[in-house]
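In what follows, a single structure is set out as structure tokens and then discussed.
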Amino acid sequence: SLHEEVMSGIFLALLHRYNPKGYVDRVVNRFVSLLNKQAKLLSPKGVRAPLPEELLETLCIRLRNDGELLEALGHRRILRIWPRLRRQTLGTLSFP
């Protein structure tokens with residue numbers, strides 16, 4: 001929803017400005033949550049399909065060390081599609 005997008009954007013902007021470490025942690029956690037949700041959406045009903053921990057750990061390290069990628073994932077325009085990615089698989093998304 002629009003309210004959720006605005007509140008997430010404001011919160012991340014404040015974190016980015018006043019608590020950069022908190023911002024990094026928040027974006028990384030949101031990304032991991034999103035990947036887990038995508039794995040759940042893509043798995044057959046009733047089958048639990050967690051992502052391998054080593055994959056998630058590698059991604060977390062990469063995000064924490066790559067400032068440009070982190071900024072891209074935390075950008076306000078990208079934040080707009082995050083709620084849609086929690087409900088739809090990447091292959092079914094369409095952008096207006």
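Just so it is clear, the values below take in all heavy atoms, side chains as well, and ignore hydrogens, waters and symmetry mates. All residue numbers refer to positions in the sequence shown, counting from 1.
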Please assess L15 against V24 for the test side-chain contact (heavy atoms from CB on, under 4.5 Å), listing each intermediate value before the final yes or no. CA-CA 9 Å; L15 271 179; V24 169; over 6 Å; no
How far apart are the C-alpha atoms of R64 and L70, what are their side-chain angles, what is the distance that settles it, and do they pass the side-chain contact (heavy atoms from CB on, under 4.5 Å) test? CA-CA 7 Å; R64 284 186 169 88; L70 188 72; over 6 Å; no
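Here the closest non-hydrogen pair linking L63 and F31 is CD1-CD2, 3.5 Å.
With sequence neighbours left out, the side-chain hydrogen bond (donor to acceptor under 3.5 Å, both in side chains) criterion links N36 to no other residue.
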Enumerate, atom names and distances included, each donor-acceptor pair closer than 3.5 Å involving a side-chain atom of residues 52-62, sequence neighbours excluded.
{"unit_1": "T58", "atom_1": "OG1", "unit_2": "E54", "atom_2": "O", "d": "2.8"}
{"unit_1": "R62", "atom_1": "NE", "unit_2": "D66", "atom_2": "OD2", "d": "3.4"}
{"unit_1": "R62", "atom_1": "NH2", "unit_2": "D66", "atom_2": "OD2", "d": "3.2"}

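Annotation: side chain of F11 is in contact with side chain of R26 (closest heavy-atom distance under 4.5 Å).
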